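Working notes for the structure below.
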Amino acid sequence: MGELFLAGALAFAGAGSAAAAELGSFSFQTVTDPQMGIPMIKLFAPAGWRLTVNSDWNRCSAASIGLGIVQLDAPDGSRIVITTSQRYDWSTSDMEQMVRRHPTMRRFYRGAMNNHTPGCDLPHRVFYLPYESLDAYARFFWDNSGYRLTDLRNADDGTLKASYVKRVTPYLQRRVQEETELTRKLSKVSVTGMFADMAVLRGYAARKDGSGTEVTEQMVNVYGYSTSVQLGEAKLDSMAWEPAVIAFFAPSMERFRANYQVFRSVVDNSRFMPQWSFVRDHLGQRMALAVLNGMNLAQQEILELQRQAWAEAQQKDLSSPSYSSSQVTEAISDTIYGRNDYTDGEGNHFKVDTGYSVYLDSDNNYHVVEENTQVPDSYQLVKPNTIGQY
């Protein structure tokens, strides 16, 4: 998933009818990557939830050399997990047939073709995995994290998917162009297709150690594209796809319903920072070019690249993600999804369902409560933005 498209992703009705009247207070926090020291995500964090941030900058795939995972844990055992996207590739080739057609080449070639198999090809910095359906990918992701997802059911209303595809398409087109330019340096390449999809799935997550089962909602976003490369007489058809997972876990259905609106508020208003994506892409592209040129970067060179990438990110105006929709489009979208747009004291925008009111206390904490709920006299009602304030 493109990291700039997290905000507003779960704006759909359902599961929130039993939410508590008092959602609690929220505050924006700019969360820093623990390894790189750069802004990773601007998080709309609920008070009382414990924050854990992890990152891995030695991923197999150069196209997603960094992975970020943000987790929020509630005192009652509920938790929210948000991940950056990961890149997978899968290829097929007619090179084996080409070899068999040439007797001279057959003399030099022994054994079967080295077809791609799932797993890490570290010398080429590529992670191979055939494209999975989104529910299959959710199972794959958590299977490697100590869970087994069961009884997953699609909870997507269609409108959500259409909105995601529309917003991610310009980003996808840019990625395809970058990949095409990179590959064209070696061979003739053509783009044969692009796609974006998403699914919202509900079910259960059983811990493999036998310690219990949780109620879960999994949102999986994916985008990808196919390329066709001509290598002499052989043709290599490839697919690159990048999925990301946003997950909510609760120890019981009661706690799932009670915390669901908190989960929605966090996801609707949090977004990954462009500085983090810039550094990840910068380092990944340099690594990919080094592989293509037959070079092995030494550890000191990698550290220097990290320093240069961060210095360049600091100099760029990347503080605000760009959106293709206009103020009018966003206002119409909020009307369709039944939510209001608010601005905090620092100019940050956040969304709240129309069935709730927002109050500001004397400590500058925002409280989201159901309409007509009694609040302390010291609370100040915050009015939603008009279209000109978006």
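Because the structure is predicted, anything quoted here is derived from the model rather than measured.
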Please give me the minimum heavy-atom distance between [X] and [Y], naming the atom from each residue.
X      : Y      : value
Arg87  : Phe127 : O-CB, 4.0 Å
Ile41  : Ser270 : CD1-CB, 4.4 Å
Leu134 : Asp197 : CD1-C, 4.0 Å
Met40  : Gly68  : CE-CA, 3.9 Å
Leu201 : Ala138 : CD1-CB, 4.5 Å
Asn154 : Ala199 : ND2-CB, 4.2 Å

Co-membership, hydrophobic cluster, residues Leu381 and Tyr379, 4.5 Å side-chain: yes
Under a 3.5 Å threshold, yes or no: a donor from one side chain and an acceptor from the other, between [X] and [Y]?
X      : Y      : result
Asn259 : Gln261 : no
Thr373 : Glu371 : no
Lys42  : Asn269 : no
Asp89  : Trp241 : no

Please confirm whether [X] and [Y] have ring centers closer than 6.0 angstrom.
X      : Y      : value
Phe141 : Tyr147 : no
Phe256 : Phe248 : yes
Tyr366 : Phe350 : yes

I'd like to check [X] versus [Y] (side-chain heavy atoms, cut-off strictly below 4.5 Å). Are they in contact?
X      : Y      : answer
Pro118 : Pro130 : yes
Leu51  : Val70  : yes
Met273 : Asp33  : no
Ser238 : Ser226 : no
His349 : Asn385 : yes
Pro243 : Ser85  : no
Trp142 : Phe249 : yes
Met219 : Tyr164 : no

Got a donor-acceptor contact below 3.5 angstrom from the [X] side chain to the [Y] backbone?
X      : Y      : result
Asp353 : Tyr356 : no
Ser64  : Gly66  : no
Trp49  : Ile80  : no
Thr83  : Val245 : yes
Asp344 : Glu346 : yes
Asn144 : Phe140 : yes

Separation between [atom1] of [X] and [atom2] of [Y], rounded to the nearest 0.5 Å:
X      : Y      : atom1 : atom2 : answer
Phe195 : Met239 : CZ    : CE    : 4.5 Å
Phe26  : His367 : CZ    : NE2   : 10.5 Å
Met253 : Tyr204 : CE    : OH    : 4.5 Å
Ser163 : Lys161 : OG    : NZ    : 13.0 Å
Glu242 : Asn221 : CD    : CG    : 12.0 Å
Leu43  : Ser27  : CG    : OG    : 8.5 Å

Does atom [atom1] ([X]) have a neighbourhood of more than 12 heavy atoms from anything else shown, all under 6.0 Å?
X      : atom1 : value
Gln173 : CD    : yes
Asn372 : CG    : no
His124 : NE2   : no

Check against side chain to side chain contact (heavy atoms under 4.5 Å, CB included), Ile246 and Phe263: CA-CA 10 Å; Ile246 300 170; Phe263 166 57; 4.1 Å; yes
With the threshold set at 4.0 Å, does a side-chain nitrogen-carboxylate oxygen contact exist between [X] and [Y]?
X      : Y      : value
Asp143 : Lys208 : yes
Arg139 : Glu132 : no
Arg202 : Asp151 : no
Arg255 : Asp76  : yes

Candidate pair Ile69 and Val81, rule side chain to side chain contact (heavy atoms under 4.5 Å, CB included), full reasoning: CA-CA 7 Å; Ile69 301 178; Val81 180; 3.9 Å; yes
Working for side chain to side chain contact (heavy atoms under 4.5 Å, CB included), residues Glu214 and Thr216: CA-CA 6 Å; Glu214 300 170 272; Thr216 186; 5.7 Å; no
Stepwise side chain to side chain contact (heavy atoms under 4.5 Å, CB included) check, Leu72 with Arg50: CA-CA 5 Å; Leu72 287 164; Arg50 181 170 55 89; over 6 Å; no
side-chain hydrogen bond (donor to acceptor under 3.5 Å, both in side chains) against Lys383, all qualifying residues, sequence neighbours excluded: none
